[in-house]
Amino acid sequence: MRHFSPSFRIWHWLNAIALFGLFITVVLRESVMHKANIGAIVQAKMAELGSIITDEQAVMIGKAVRSPMWDWHIYLGIAVAVLLVWRLAIVVKNGFGFDDNPAMQKVYLLYRAVYGVMAIMSLSGLALYYKITGEAKENVETLHLVLGWAIFAFIALHIIGVVLAEKKDQSGLVSRMINGK
């Protein structure tokens, strides 16, 4: 039975909160808080008031409205990067903490890959923050988005795997991740 250190448990839950926040900001940005959606609402309301604004002006207002939400995406991205450094410090100090269970080796390999993806996500987010331009920006944005969805898919697999493990052969897994017992 695997024991989770207090440091690892705190890291796990802070990382989960930060990743959930990133997910929410992405979903909002691509749906109800999309700049065109907000712009269309502003355009319609301005027309009701007797003022006409261009599509470009409406999108500019839409971007301004969602800017505080997008600031949170940046803060949470920085938090994930810091948490990844913390996780690597835990690994340097204690190793990965993976047991020698051969059945779990593929799962552990997946976790290592996820940490690599998180590192690339952090670096690509940093590049976008510092406003790279041109084709490089488009490529980095695409990479960042695809890897982000891969992380969210991993989270779904992680939750399914935890539920299955809890029911199958690792009863108490969730309790140990919450309170260490």
Side-chain angles (χ1 to χ4, degrees), residues 2 4-36 62-63 66-165 173-174 177-178:
R2 183 158 179 223
F4 301 107
S5 70
S7 178
F8 179 78
R9 292 193 325 268
I10 292 167
W11 171 86
H12 177 272
W13 293 112
L14 288 175
N15 198 53
I17 291 166
L19 289 171
F20 180 73
L22 287 169
F23 178 75
I24 293 300
T25 61
V26 168
V27 169
L28 287 174
R29 180 177 193 243
E30 298 302 322
S31 60
V32 296
M33 295 293 288
H34 191 278
K35 61 189 174 198
K63 286 181 178 180
R66 72 178 189 174
S67 181
M69 179 212 49
W70 206 239
D71 289 344
W72 276 101
H73 186 84
I74 294 167
Y75 303 145
L76 291 166
I78 292 167
V80 166
V82 169
L83 288 165
L84 182 60
V85 171
W86 180 6
R87 176 65 178 129
L88 294 176
I90 293 171
V91 168
V92 167
K93 182 178 177 192
N94 304 324
F96 268 102
F98 300 149
D99 57 27
D100 294 328
N101 179 347
M104 293 300 291
Q105 292 309 310
K106 289 181 184 176
V107 173
Y108 299 148
L109 185 60
L110 179 60
Y111 277 93
R112 288 183 177 113
V114 167
Y115 295 145
V117 169
M118 287 172 64
I120 295 168
M121 287 284 301
S122 296
L123 293 172
S124 63
L126 188 64
L128 293 169
Y129 178 76
Y130 282 106
K131 311 249 187 270
I132 61 171
T133 60
E135 187 177 330
K137 179 184 179 190
E138 290 178 26
N139 292 337
V140 172
E141 281 178 339
T142 300
L143 176 69
H144 193 75
L145 184 64
V146 168
L147 293 179
W149 286 109
I151 292 289
F152 300 141
F154 167 78
I155 292 168
L157 288 174
H158 174 72
I159 292 168
I160 291 167
V162 167
V163 169
L164 293 175
L173 179 64
V174 174
M177 184 53 77
I178 293 171

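For reference, positions follow the sequence shown, starting with 1. Every heavy atom of this structure was used, including side-chain atoms; hydrogens, water molecules and symmetry mates were not.
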Begin from the C-alpha positions of I178 and W13 and carry the test side-chain contact (heavy atoms from CB on, under 4.5 Å) through to its verdict. CA-CA 9 Å; I178 293 171; W13 293 112; 4.0 Å; yes
Start with the C-alpha distance between H144 and M121, add both sets of side-chain angles, then the distance that settles side-chain contact (heavy atoms from CB on, under 4.5 Å), and finish with yes or no. CA-CA 6 Å; H144 193 75; M121 287 284 301; 3.7 Å; yes
Applying side-chain contact (heavy atoms from CB on, under 4.5 Å) to L28 and V32, what does each step give before you reach the verdict? CA-CA 6 Å; L28 287 174; V32 296; 3.6 Å; yes
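Minimum heavy-atom separation, M118 to I151: CG-CD1, 3.6 Å. Between R66 and H34, the closest heavy-atom pair is NH1-CA, 4.0 Å. S7 and I90 get closest at one heavy-atom pair: OG-CD1, 3.4 Å. Between A127 and V140, the shortest heavy-atom distance links the atoms CB-CG1, 4.4 Å. Across every non-hydrogen atom of W149 and V26, the tightest pair is CZ2-CG1, 3.9 Å. W70 approaches T25 most closely through the heavy-atom pair CZ3-O, 3.7 Å.
Proximity of N15 to R87: side-chain heavy atoms (C-beta onward) are nowhere separated by under 4.5 Å. Taking 4.5 Å as the limit, every side-chain heavy atom of L76 sits out of range of all side-chain heavy atoms of F23. Side-chain contact check for W86 versus I10: some heavy-atom pair is nearer than 4.5 Å.
Other residues, nucleotides and ligands contribute only 12 or fewer heavy atoms inside 6.0 Å of the CH2 atom of W72.
Taking the six-membered ring for Trp and thresholds of 30 and 60 degrees, Y111 and H158 have ring planes more than 60 degrees apart, a perpendicular arrangement.
For the pair T142 (side chain) and E138 (backbone), a donor-acceptor distance under 3.5 Å is present.
Here the straight-line distance linking atom OG of S124 with atom CG of N139 works out to 12.0 Å at 0.5 Å rounding. The CZ atom of F152 sits 14.0 Å away from atom CG of L157, with the distance rounded to the nearest 0.5 Å. To the nearest 0.5 Å, the span separating CD1 on I74 from CG on L126 amounts to 11.0 Å. To the nearest 0.5 Å, atoms NZ (K63) and CE (M33) are separated by 14.0 Å.
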